[in-house]
Participant: 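Structure in structure tokens, see below.
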Amino acid sequence: MFLRVARHTDNIEKMVDFYVNVLGFEVLGSFQNHKNYDGVFLGMLGLDWHFEFTQSKTKANHTFDEDDVIVLYPKSIIDYNELVDRVERNNISILTATNPFWNENGKMFLDPDGYRIVLSPLKAVISEIN
């Protein structure tokens, strides 16, 4: 099974900048004016999932609450620490999660559309094996 999380946005450029330059995703593909939609696929090569962000003339209508989160589990503690450092270097505020589990087991922040993302070290290995 493959997973695509598709989301409409009002600013694809900000989303690409955030997910690529802050979180380290790659641009896997894109399209222009496909039935009045522009879009980009962001993820990492070789994985069975990716995000799709689309933009059109229709304004995005985001409805979510404080418990709706995307959780990312870096593979190693080194990766986790580098991502948290990148978030902080980009002056992205760490939030207090409504669910205390995420405060104890990760760092929560917002993407440019206001969606909550948690970086969690729970599945990370302590040291990388070469």
Side-chain angles (χ1 to χ4, degrees):
M1 185 176 303
F2 297 93
L3 172 68
R4 172 186 292 174
V5 177
R7 210 169 79 207
H8 197 63
T9 183
D10 291 328
N11 196 327
I12 277 185
E13 293 81 17
K14 279 186 181 179
M15 300 307 285
V16 169
D17 181 60
F18 176 82
Y19 281 89
V20 170
N21 296 320
V22 177
L23 294 181
F25 287 39
E26 300 169 32
V27 176
L28 302 175
S30 64
F31 57 89
Q32 297 292 316
N33 199 25
H34 179 73
K35 299 188 180 192
N36 297 318
Y37 280 82
D38 296 336
V40 63
F41 305 104
L42 304 176
M44 296 180 187
L45 287 174
L47 298 180
D48 292 338
W49 62 269
H50 64 268
F51 291 108
E52 173 189 13
F53 293 101
T54 61
Q55 185 171 331
S56 69
K57 292 179 182 176
T58 303
K59 182 166 175 40
N61 181 18
H62 299 145
T63 56
F64 48 87
D65 66 32
E66 293 180 358
D67 282 320
D68 294 331
V69 299
I70 294 169
V71 182
L72 301 172
Y73 297 98
K75 289 187 175 186
S76 73
I77 291 297
I78 292 170
D79 293 340
Y80 172 77
N81 289 334
E82 286 176 0
L83 284 168
V84 170
D85 184 55
R86 216 180 289 158
V87 166
E88 291 172 347
R89 278 197 325 265
N90 281 277
N91 296 316
I92 298 168
S93 298
I94 301 298
L95 305 175
T96 301
T98 301
N99 181 338
F101 179 84
W102 296 123
N103 298 320
E104 298 163 8
N105 295 290
K107 304 286 184 188
M108 180 181 278
F109 50 93
L110 301 178
D111 79 3
D113 281 343
Y115 279 83
R116 286 165 175 74
I117 297 174
V118 171
L119 290 174
S120 175
L122 287 178
K123 298 182 186 288
V125 294
I126 300 299
S127 62
E128 295 187 299
I129 300 171
N130 293 325

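Given the structure is predicted, the values throughout are model-derived calculations rather than measurements. Values below: every heavy atom of this structure, side chains too, minus hydrogens, waters and symmetry copies. This chain uses plain numbering: 1 for the first residue, then up along the sequence.
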Participant: Is it the case that the side chain of Asn90 and the backbone of Arg86 share a donor-acceptor pair, with hydrogens and angles ignored and the cut-off at 3.5 Å?
Facilitator: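 Yes, the answer is positive, given that a donor and an acceptor are paired below the 3.5 Å cut-off.
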
Participant: I'd like to know whether Val40 forms a side-chain contact (heavy atoms from CB on, under 4.5 Å) with Met15, so could you lay out the CA-CA distance, the side-chain angles of the two residues, the decisive distance to 0.1 Å, and finally the verdict.
Facilitator: CA-CA 9 Å; Val40 63; Met15 300 307 285; over 6 Å; no

Participant: Quick one: closest heavy-atom pair of Gly114 and Phe64, and the distance?
Facilitator: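 Reported closest heavy-atom pair: O-CE1, 3.2 Å.
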
Participant: Using side-chain contact (heavy atoms from CB on, under 4.5 Å), reason through Phe53 and Val16 one step at a time and then give a plain yes or no.
Facilitator: CA-CA 9 Å; Phe53 293 101; Val16 169; over 6 Å; no

Participant: Can you see which heavy atom on Ile94 is nearest to which on Glu88, and at what distance?
Facilitator: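 Looking at all heavy atoms of both residues, the shortest contact is CG1-OE2, 4.5 Å.
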
Participant: Residues in side chain to side chain donor-acceptor pair (under 3.5 Å) with Thr58, at least two apart?
Facilitator: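 Thr58 satisfies side chain to side chain donor-acceptor pair (under 3.5 Å) with no other residue.
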
Participant: Not counting sequence neighbours, which residues clear salt bridge (charged side-chain N to carboxylate O under 4.0 Å, His left out) with Asp67? List them please.
Facilitator: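 Asp67 satisfies salt bridge (charged side-chain N to carboxylate O under 4.0 Å, His left out) with no other residue.
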
Participant: Apply side-chain contact (heavy atoms from CB on, under 4.5 Å) to Ile92 and Phe18, showing your working.
Facilitator: CA-CA 10 Å; Ile92 298 168; Phe18 176 82; 3.6 Å; yes

Participant: In Å and rounded to the nearest 0.5 Å, what is the NE2 to OG1 distance from His8 to Thr54?
Facilitator: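 The NE2 atom of His8 sits 5.0 Å away from the OG1 atom of Thr54.
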
Participant: Would you say Asp10's side chain and Lys59's backbone share a donor-acceptor pair under 3.5 angstrom?
Facilitator: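 Judged by distance alone, no pair lies under 3.5 Å.
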
Participant: Got a second to check how far Leu47's CG is from Leu3's CG, nearest 0.5 Å?
Facilitator: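 Atom-to-atom, Leu47:CG and Leu3:CG are 11.0 Å apart.
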
Participant: Report yes or no: does Ser56 contribute a side-chain atom to a donor-acceptor pair with the main-chain N or O of Asn36 at less than 3.5 Å?
Facilitator: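 Here the side-chain-to-backbone pair does not exist.
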
Participant: Is there side-chain contact between Leu45 and Leu28, with at least one heavy-atom pair below 4.5 Å?
Facilitator: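 Yes, their side chains come closer than 4.5 Å.
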
Participant: Among Asp85, Ile78, Ile77, Val84, exactly one meets side-chain contact (heavy atoms from CB on, under 4.5 Å) together with Asn81. Which residue is that?
Facilitator: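 The residue from Asp85, Ile78, Ile77, Val84 that satisfies side-chain contact (heavy atoms from CB on, under 4.5 Å) with Asn81 turns out to be Ile77.
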
Participant: I'd like to know if the side chain of Asn103 reaches the main chain of Ala97, judged simply by a donor and an acceptor atom lying under 3.5 Å from each other, with no hydrogens or angles considered.
Facilitator: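 Yes: the side chain of Asn103 pairs with the backbone of Ala97.
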
Participant: Please give me the minimum heavy-atom distance between Met44 and Glu26, naming the atom from each residue.
Facilitator: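 That closest heavy-atom pairing would be CA-OE2, 4.2 Å.
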
Participant: Tell me which one of Leu23, Leu83, Asp79 satisfies side-chain contact (heavy atoms from CB on, under 4.5 Å) with Leu72.
Facilitator: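 Looking at Leu23, Leu83, Asp79, the match for Leu72 under the side-chain contact (heavy atoms from CB on, under 4.5 Å) is Leu23.
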
Participant: Cluster question for you: counting only ILVMFWY and a side-chain heavy-atom cut-off of under 4.5 Å, with indirect links fine, are Val87 and Ile70 together?
Facilitator: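 Shared cluster, yes.
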
Participant: Tell me if the aromatic rings of Phe41 and Phe31 count as close, with their centers under 6.0 Å from one another.
Facilitator: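 Yes - the distance between ring centres of Phe41 and Phe31 falls below the 6.0 Å cut-off.
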
Participant: Say whether Leu42 and Val5 are linked into one hydrophobic cluster, either directly or through other cluster members, by side-chain heavy-atom distances under 4.5 angstrom.
Facilitator: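 Leu42 and Val5: one cluster.
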
Participant: Quick check: is Val22 connected to Leu110 through a chain of hydrophobic side chains (ILVMFWY, heavy atoms under 4.5 Å apart)?
Facilitator: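 Result: no, two separate clusters.
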
Participant: Is a side-chain donor or acceptor of His50 paired with a backbone partner of Val27 at a separation under 3.5 angstrom?
Facilitator: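 Here the side-chain-to-backbone pair does not exist.
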
Participant: Please state whether the rings of Phe25 and Phe51 are parallel, tilted or perpendicular, taking 30° and 60° as the class boundaries.
Facilitator: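 If you compare the ring of Phe25 with that of Phe51, the planes turn out parallel.
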
Participant: Would you name the heavy atoms of Pro121 and Gly106 that are closest together and state the gap between them?
Facilitator: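 Heavy atoms only, the tightest pair is CD-CA, 4.0 Å.
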
Participant: Could you go through the side-chain contact (heavy atoms from CB on, under 4.5 Å) check for Ile117 and Tyr19 one step at a time?
Facilitator: CA-CA 11 Å; Ile117 297 174; Tyr19 281 89; 3.3 Å; yes

Participant: If you compare all heavy atoms of Ser120 against all heavy atoms of Pro74, which two are closest, and at what distance to 0.1 Å?
Facilitator: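 Reported closest heavy-atom pair: O-CD, 3.2 Å.
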
Participant: I need the Arg4 CZ to Glu52 CD distance, nearest 0.5 Å.
Facilitator: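 If I round to the nearest 0.5 Å, the distance is 4.5 Å.
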
Participant: Is the closest side-chain heavy-atom distance between Leu119 and Tyr80 below 4.5 Å?
Facilitator: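 Yes, side chains in contact.
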
Participant: Is Tyr115 close to Asp68 at the side-chain level, that is, under 4.5 Å between some pair of heavy atoms?
Facilitator: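 The answer is no; the side chains never approach within 4.5 Å.
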
Participant: Under a single-linkage definition using a 4.5 Å side-chain heavy-atom cutoff for Ile, Leu, Val, Met, Phe, Trp and Tyr, are Leu122 and Val118 assigned to the same hydrophobic cluster?
Facilitator: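 Result: yes, single cluster for both.
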
Participant: Please report the shortest heavy-atom distance between Glu66 and Thr98, naming the atom on each side.
Facilitator: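 Closest heavy-atom pair between Glu66 and Thr98: OE1-OG1, 2.7 Å.
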
